[in-house]
Q: 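Quick one: this structure, given as structure tokens, is what I'll be asking you about.
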Amino acid sequence: MDYEVFILARMREEYDRTGSTEAAVVEGIGRTGRLVTSAALILFLAFASLAAAPIIEVKIFATGLGLGILLDATVVRALLVPAMVALLGRWNWWLPAWAAALLRVPPAADGRHRAGPAGADEDHMVPHALPDRSPR
């Protein structure tokens, strides 16, 4: 969970800078991928060392946790999350006005709340089937 926050925060920073979700995904994974992979590898090795313990229950838990960490780092964080962010496009960054006020998020430069899709009317938001690929 903590490393997912790193990935998505970096994606958000890049989206704020460029306005492109695709560039945000590439930059977010590119900048945080090594950190997340290294942390997962360290945890996997720690649980692999516990799997060498003589107690069978410890071996079972350590093996399960180690495999779960590998699955999370490779499939979820490296494949599923970037794919969903790219698929959802600018809808990843939409935040209702009431939530922006509750979180005390400053308004965007165009007068809309931060994370609102450009040119969208907040009362009539309808998600698009494809991500926005228009140049900005």
Side-chain angles (χ1 to χ4, degrees):
M1 173 67 182
D2 295 337
Y3 292 104
E4 199 66 49
V5 172
F6 290 149
I7 294 170
L8 291 174
R10 184 64 189 113
M11 286 181 188
R12 177 59 200 213
E13 289 171 1
E14 187 65 18
Y15 179 79
D16 286 342
R17 191 176 73 76
T18 65
S20 169
T21 299
E22 290 176 356
V25 170
V26 170
E27 187 71 16
I29 292 297
R31 298 270 182 174
T32 60
R34 288 179 297 215
L35 172 72
V36 171
T37 303
S38 298
L41 184 60
I42 290 168
L43 283 172
F44 171 75
L45 292 174
F47 286 119
S49 68
L50 283 175
I55 304 169
I56 193 74
E57 290 86 4
V58 173
K59 286 184 181 209
I60 292 170
F61 283 118
T63 303
L65 287 170
L67 291 175
I69 287 170
L70 284 182
L71 183 69
D72 177 59
T74 56
V75 175
V76 175
R77 296 177 195 214
L79 296 174
L80 292 179
V81 169
M84 285 304 298
V85 170
L87 182 67
L88 292 173
R90 58 187 183 165
W91 289 100
N92 292 295
W93 320 117
W94 179 72
L95 184 66
W98 64 267
L102 182 68
L103 296 171
R104 298 181 185 171
V105 178
D110 65 354
R112 295 197 182 283
H113 288 284
R114 180 179 162 183
D121 182 11
E122 290 181 0
D123 295 330
H124 300 87
M125 304 284 289
V126 179
H128 300 281
L130 297 174
D132 180 27
R133 298 180 189 270
S134 62
R136 295 189 187 241

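Small disclaimer: the values here were computed from a predicted structure and weren't measured. Along the sequence shown, the residues carry numbers beginning at 1.
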Q: Should R10 and E14 count as an ion pair when the cut-off is N to O under 4.0 Å?
A: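 Salt bridge: yes.
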Q: Is the shortest side-chain heavy-atom distance between I7 and I29 below 4.5 Å?
A: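 Yes, close enough: below the 4.5 Å cut-off.
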Q: Any side-chain to backbone donor/acceptor pair from D16 onto E13? Under 3.5 Å, distance only.
A: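 No, because the side chain of D16 does not come within donor-acceptor range (under 3.5 Å) of the backbone of E13.
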Q: Between E4 and L8, is any pair of side-chain heavy atoms under 4.5 Å apart?
A: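 With C-beta onward as the side chain, the pair touches.
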Q: Looking at side-chain heavy atoms only, is the closest gap between F6 and R31 below 4.5 Å?
A: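 Not in contact.
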Q: Applying side chain to side chain contact (heavy atoms under 4.5 Å, CB included) to T21 and L88, what does each step give before you reach the verdict?
A: CA-CA 9 Å; T21 299; L88 292 173; over 6 Å; no
Q: Any side-chain heavy atom of L79 within less than 4.5 Å of one from T74?
A: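 The answer is no, as the side chains (C-beta and beyond) never meet within the 4.5 Å cut-off.
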Q: Could you grab the distance from atom CG of L103 to atom CH2 of W98, nearest 0.5 Å is fine?
A: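 Rounded to the nearest 0.5 Å, the CG-CH2 separation comes out at 8.0 Å.
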Q: In this structure, would L35 and V85 fall into the same cluster of hydrophobic residues linked by side-chain contacts under 4.5 Å?
A: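 Yes; V85 is reachable from L35 via cluster members.
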Q: Taking all non-hydrogen atoms of both residues into account, name the closest pair between A51 and A62 and its distance.
A: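 Shortest heavy-atom separation between A51 and A62 comes out as N-CB, 3.6 Å.
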Q: What distance do L87 atom CG and L80 atom CG have between them, rounded to the nearest 0.5 Å?
A: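 Between L87 CG and L80 CG, I get 11.5 Å after rounding to 0.5 Å.
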Q: For S20 and A23, work out which heavy atoms get closest and say how close.
A: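 Looking at all heavy atoms of both residues, the closest pair is OG-N, 3.2 Å.
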Q: Say whether V25 and V81 are linked into one hydrophobic cluster, either directly or through other cluster members, by side-chain heavy-atom distances under 4.5 angstrom.
A: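 As far as the 4.5 Å side-chain criterion goes, V81 and V25 are connected within one cluster.
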Q: Do the side chains of T63 and F47 get nearer than 4.5 Å, heavy atoms only?
A: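 Contact flag for F47/T63 side chains = no.
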Q: Go through E27 and M11 one step at a time and tell me if the side chain to side chain contact (heavy atoms under 4.5 Å, CB included) criterion holds.
A: CA-CA 7 Å; E27 187 71 16; M11 286 181 188; over 6 Å; no
Q: When you group the ILVMFWY residues by side-chain heavy-atom contacts below 4.5 Å and let the links chain together, are V58 and I69 in the same group?
A: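 Shared cluster, yes.
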Q: Is there side-chain contact between L70 and V75, with heavy atoms separated by less than 4.5 Å?
A: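 No, every pair of side-chain atoms sits at 4.5 Å or beyond.
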Q: Do L50 and I60 share a hydrophobic cluster, counting only Ile, Leu, Val, Met, Phe, Trp and Tyr and linking them when any side-chain heavy atoms are less than 4.5 Å apart?
A: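 In one cluster: no.
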